[in-house]
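First listed ligand is number 1; within each ligand, the first listed atom is number 1.
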Amino acid sequence: MSKIVVRGGRKLHGEVQISSAKNSVLPIIAGCILNGDKCVINNVPMLEDVFVIIDILKSIGAKVDINKIENKVIIDTEDIKDCMPDSELVKKMRASFLIMGPMLCRFGHFKISLPGGCNIGTRPIDLHIKGLSALGAKINVGYGYVEAFAKKLVGSNVYLDFPSVGATENIIMAAVMAEGETIIENAAEEPEIADLGRFLNSMGANIMGIGTDTIRIIGVKSLKGTTYKPISDRIECGTFMIAAAITRSKFKINGVNFEYLKPIIAKLTEAGIYIEPKGNSVIVDGNRELRHIDVKTMPYPGFPTDMQSQITGLLCTVKGTSIITETIFENRFMHAAEMKRMGANIKIDGRSAVVEGISKLTGAKVRATDLRAGAALILCGLAAEGETEVSDIYHVDRGYVNIEEKFKLLGADIERVN
Ligand code: EPZ
């Protein structure tokens, strides 16, 4: 199992390029099931999770050409069959669920293995089931599978108890060729959902209100292939902003969308970090007296849960008491135990972490417990005195393209060791 070794204490400088958003690309690739045609997706991040969802589509008959030089993926779903996707692949990733809506819409049926447990929380699918059932699906969950049948999908009104990202995406993709109009209220507003909506509309769907909490979908008869470029990854960008802050450095981040970064920028500015937009780049200056702050994760446009472990790492190095409250997932503080091995002073109290900032973290052997926790530990390693070794780095490779190469380009003393 490969690991990343960081020798901390260096200032970072220069520029870094952000990749396209993993959490856009995954539902977009799943959405290719809908049209039985050919789609070209440009600027695709070559991530483990992307390869998993591509292999899932190939396991049901899609033809996929991956061009790693041009970061382009061509997906032909003409020959996709109404069959069960490979269960071992499905269990690798919660986002496998995103094929439920498209399969139901195209074939009126799907059967998929329930993925294994996820370490940041139970990740139920009751809201997915509520939405798909409202459109006319009969859904059974049992024996480790979820299966759905629908003679015909008919548009309906769905009010989501919680603005679930995945449930919103699945209901949209099931509704695009349902008969009549579907309205989703209390829909998730994450930018990646708006990106999926634009992608589907480019295939001929009729979706309105994307990016708001009320989405209207008028079913159409069919969809055709398209060429599409997803938005940039706001969470990767936020991770690099925290890298500037935690190492008290100043550098430029290219290929960003300032609008989508506002919730993250608001919080980092509150902590005293200087962030200046420059076209589709931002200059981040963390080389200043930073302030301790309180953070509460919320659905977009609140502060994103996917940035929680990273900002927790930062606040471990900022004098004073900071309280971080995680309202989205029930078990997303596993990074705390690892950060304490680096000298951090963190007390977990229910859904909150109480952090007493210290002047210097010290390098240690730590373990990535999930994608964003692993990224946060690398950030802590960049700031720590001495050497930090982050193992189980495959978690990080699910969501960050060549993370150590990008930090090396910024001047970090970092390497991947197999
Ligand atoms: C998406 O997961 C993202 N993944 C996650 O990013 C992100 O953390 C999450 O949204 C929240 O923003 C992708 O987009 C591939 P949810 P998803 O459904 O869709 C509860 C990363 O690091 N819930 O909005 O699974 C659920 O238990 C990953 O890139 C139900 O109760 O998130 C959780 O507490 C991690 N019933 C909350 O909602 C349901 O039917 C948020 O889940 C569905 C969800």
Side-chain angles (χ1 to χ4, degrees), residues 19-31 45 47-50 52-53 56 90 92-101 114-115 117-134 139 141 146 158-173 184 186-196 213 230-231 233-239 260 263-264 297-311 325-335 351 368-376 395-401 403:
S19 304
S20 285
K22 164 180 83 80
N23 292 348
S24 266
V25 168
L26 295 177
I28 283 171
I29 289 175
L47 294 165
E48 285 310 310
D49 276 9
V50 171
V52 169
I53 196 128
I56 287 173
V90 165
K92 281 186 174 180
M93 182 176 71
R94 308 294 296 180
S96 314
F97 275 139
L98 293 170
I99 70 167
M100 293 195 301
L114 284 169
C118 182
N119 44 18
I120 58 175
T122 51
R123 316 290 293 271
I125 58 166
D126 55 307
L127 297 176
H128 298 245
I129 290 172
K130 173 178 182 179
L132 299 179
S133 306
I139 302 179
V141 180
V146 52
V158 182
Y159 193 97
L160 289 177
D161 312 41
F162 177 86
S164 153
V165 172
T168 302
E169 291 167 340
N170 256 326
I171 299 164
I172 290 173
M173 292 193 279
I184 309 172
N186 197 28
E189 300 176 64
E190 274 66 8
E192 294 75 26
I193 295 177
D195 205 22
L196 172 66
D213 68 354
I231 58 174
D233 196 318
R234 61 193 169 99
I235 304 300
E236 184 191 20
C237 180
T239 304
Y260 299 148
I264 299 171
T297 65
M298 293 294 281
Y300 193 89
F303 187 82
T305 175
D306 292 348
M307 283 297 302
Q308 184 259 105
S309 37
Q310 300 92 311
I311 203 164
T325 304
E326 171 57 62
T327 72
I328 307 294
F329 289 107
E330 65 268 27
N331 185 30
R332 205 170 196 177
F333 283 125
M334 286 175 291
H335 44 278
R351 301 292 288 248
T369 49
D370 61 88
L371 161 54
R372 306 300 174 182
H395 286 292
V396 181
D397 292 335
R398 293 185 50 189
Y400 293 89
V401 180
I403 192 164

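The nearest heavy-atom contact from the protein to atom 11 (C) of ligand 1 is Thr305 CG2, 3.9 Å. Scanning the protein heavy atoms around atom 17 (P) of ligand 1, the nearest turns out to be Arg123 NH2, 3.8 Å. Nearest protein neighbour of atom 40 (O) of ligand 1, counting heavy atoms only, is Leu127 N, 2.7 Å. The single protein non-hydrogen atom nearest to atom 32 (O) of ligand 1 is Phe329 CZ, 4.2 Å, given as residue, atom name and distance. At the shortest separation from atom 34 (O) of ligand 1 among protein heavy atoms lies Ile328 O, 2.5 Å. Counting only heavy atoms of the protein, atom 18 (O) of ligand 1 lies nearest to Ser164 OG, 2.7 Å. Protein heavy atom nearest atom 3 (C) of ligand 1, with residue, atom name and distance: Asn23 ND2, 3.7 Å. Looking only at heavy atoms of the protein, atom 24 (O) of ligand 1 is closest to Val165 N, 2.8 Å.
At least one heavy atom of Pro124 sits less than 4.0 Å from an atom of ligand 1.
Heavy-atom contacts of Arg332 reach the following atoms of ligand 1: 8 (O), 22 (O), 35 (C) (cutoff under 4.0 Å). Near Asp306, meaning under 4.0 Å from one of its heavy atoms, ligand 1 places the atoms 5 (C), 6 (O), 7 (C), 8 (O), 21 (C), 22 (O), 28 (C), 29 (O), 35 (C). Using a 4.0 Å cut-off to heavy atoms of Gly166, the atoms of ligand 1 that qualify are 18 (O), 19 (O). In summary, the atoms of ligand 1 found under 4.0 Å from a heavy atom of Phe162, numbered by their order in the structure, are 37 (C), 38 (O), 41 (C). Atom numbering of ligand 1 starts at 1 in the shown order; those under 4.0 Å from a heavy atom of Lys22 are 21 (C), 29 (O). For ligand 1 and Arg372, the ligand atoms under 4.0 Å from any heavy atom of the residue are 21 (C), 22 (O), 29 (O).
The CD1 atom of Ile120 lies 11.0 Å from the NE2 atom of His335; values are rounded to the nearest 0.5 Å.
Between Thr297 and Arg332 there is no side-chain heavy-atom pair separated by less than 4.5 Å. The side-chain heavy atoms of Arg398 and Leu47, taken from C-beta on, include no pair separated by under 4.5 Å. His395 is not listed as a side-chain neighbour of Thr369, based on a closest heavy-atom distance of 4.5 Å or more. Contact of the Phe97 side chain with the Leu114 side chain is registered, since non-hydrogen atoms from C-beta on lie closer than 4.5 Å. No side-chain heavy atom of Gln308 sits less than 4.5 Å from a side-chain heavy atom of Ile328. The closest side-chain heavy-atom distance from Pro299 to Phe162 is below 4.5 Å. The shortest distance between side-chain heavy atoms of Pro304 and Ile264 falls below 4.5 Å.
Contacts between Tyr300 and ligand 1, counted as non-hydrogen atom pairs separated by less than 4.0 Å, are absent for every part of the residue. Residue Asp126 touches ligand 1 through backbone and side chain together, judged by heavy-atom distances below 4.0 Å.
Note that atom 20 (C) of ligand 1 has no protein non-hydrogen atoms nearby, at separations under 4.0 angstrom.
Contact detail for Ser20 and Pro230: the closest heavy-atom pair is OG-O, 3.6 Å. His128 approaches Ser164 most closely through the heavy-atom pair NE2-OG, 4.2 Å.
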(message) Asp161 vs Asn186, test: side-chain contact (heavy atoms from CB on, under 4.5 Å). Steps then yes/no.
(response) CA-CA 7 Å; Asp161 312 41; Asn186 197 28; 5.9 Å; no

(request) Test salt bridge (charged side-chain N to carboxylate O under 4.0 Å, His left out) on Glu192 and Arg234 and set out the steps. (result) CA-CA 10 Å; Glu192 294 75 26; Arg234 61 193 169 99; 2.8 Å; yes

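Annotation: Pro163 places no N or O atom under 3.5 Å from an N or O atom of ligand 1; distance criterion only.
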